Amino acid sequence: MSRYFNNELSKISPYVPGEQPSGRKFIKLNTNESPFPPSPRAIERAAEAAKNLQLYPALDGGELRYKIAKTVGVSAENIVVTNGSDEALNFIFKAFCSENSPAAFADITYGFYSVFANISAVPYEIIPLTSEFFINPEDYIDINKNIFIANPNAPTGLTISLSDIERIAESNPNNIVVIDEAYVDFGGESAVPLIRKHQNLIIVQTFSKSRSLAGARVGFAVADKEIIDDLYRIIYSTNPYNLSRTNMSAALGALEDPDYTRCNCETVIANREHTTRELQRLGFNVIPSSANFVFASSPQIGGKDLYEKLKQTGILIRHFDKPRISDFVRITIGSREDMDALIGAIKLIINNME
Ligand code: PMP
């Protein structure tokens, strides 16, 4: 750290993303990316848009904002389009949380929430999940804090019901309630229709997972018009051209090919159920997942050990060295071949231990 670095920021621990290796070819099951390439329509659209890269891109998400609105069943005024959903989350912390309006989220959830809170100097309460890793809705009733819930949750893959989300939103009318639906297309139920009833609800989604566009960096939030206007206030005070021509066009192309996305999600879900059964056969405890990953632990091998041994065989998964979950690993669901390679490698590792 240089001696010029802002003292206030020097205490912040940045988010640690999963490894993005270069050089050796790994089977990558560590960052919840899609095993499938983007839709051909998305690639075509992005290539076409590249011809005009000498020009600044459209503001406010351009045509994409309208297409997202139509796809999720709201008006364009209810949509803000962002550079990945991480940007939406960051701007939500900036816009609605402060020293006097703290945040609250689970102890085991997306690791970026605490980082965003820290960089905006927002105090936060950490609310432990139950012993089975569920959110206990009662813990969020009437707490007078800005609430962040990933649904399905990461890294567990477990969900919370829409009726519980409604109760939480109703009981905290002076705060926002954010539902991060990064993984909703793999078996969750979206809370988007609830924004009509609850003006404090913000739903965040991404093109990175089900739509195979993690590299394009496109996300969005859905909420009441006034909340969206506030978020655009932050965007216009940070980087009005927050989305490139090519990433917006790729996202537009993905939305024009809904059958491709649906079919890929069905394959991921089938591969997830197959992987779950195979891991259970090997004695693993697998948390029932509604996402494109599974969270699992083995009585025979610790999480860190398994992560390291799999890495040696050329397979990357994710291990979190954190209280309560250090025995677990998070495994992204890839192609059937990737998952069979993983199961084969785990069998060998466990056999070699006996
Ligand atoms: N929310 C959750 C729960 C995630 O796991 C991720 C991806 N790691 C994100 C949001 C951010 O995804 P992106 O910025 O690629 O849209």
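As the structure is a prediction and not an experimental result, all values here were calculated from the model. Atoms within each ligand, like the ligands themselves, are counted from 1 in listed order.
If you check which protein heavy atom lies closest to atom 12 (O) of ligand 1, you get S85 OG, 3.3 Å.
Two rings, from F293 and Y183, have their centers less than 6.0 Å apart.
Side-chain atoms of S171 and D142 include no donor-acceptor pair closer than 3.5 Å. A donor-acceptor pair shorter than 3.5 Å cannot be found between the side chains of K209 and T206. In this structure, a donor-acceptor pair under 3.5 Å is present between the side chains of N146 and N175. Side-chain contact of D327 with S297: a donor-acceptor pair under 3.5 Å is absent, judged by distance alone. A donor-acceptor contact under 3.5 angstrom links the side chains of Y110 and D86, judged on distance only. Using a 3.5 Å distance cut-off with no hydrogens or angles, the side chains of N247 and S244 do pair a donor with an acceptor.
At under 3.5 Å, not a single nitrogen or oxygen of Y113, backbone or side chain, sits near a nitrogen or oxygen of ligand 1.
When N292, N32, D180 are ranked by how near their heavy atoms come to atom 3 (C) of ligand 1, first place goes to D180.
Residue contacts with ligand 1, taken as heavy atom pairs separated by less than 4.0 Å, do not involve E87 at all. For Y183, every heavy-atom contact with ligand 1 shorter than 4.0 Å involves the side chain, none the backbone. When non-hydrogen atoms are compared, ligand 1 lies under 4.0 Å from the side chain of S208 (C-beta onward) but not from its backbone. With a heavy-atom cut-off of 4.0 Å, E181 does not touch ligand 1 at all.
Every atom of ligand 1 is numbered from 1 in the order shown, and the set under 4.0 Å from a heavy atom of A182 is 1 (N), 2 (C). Which parts of ligand 1 touch G84 is read off a 4.0 Å heavy-atom cut-off, strictly below it: atoms 14 (O), 16 (O). Interface atoms of ligand 1 facing K209, defined by a heavy-atom separation under 4.0 Å, are 7 (C), 8 (N). Heavy-atom contacts of R217 reach the following atoms of ligand 1: 13 (P), 14 (O), 15 (O) (cutoff under 4.0 Å).
The heavy-atom pair separating L213 from A254 by the smallest distance is CD1-CB, 3.9 Å.
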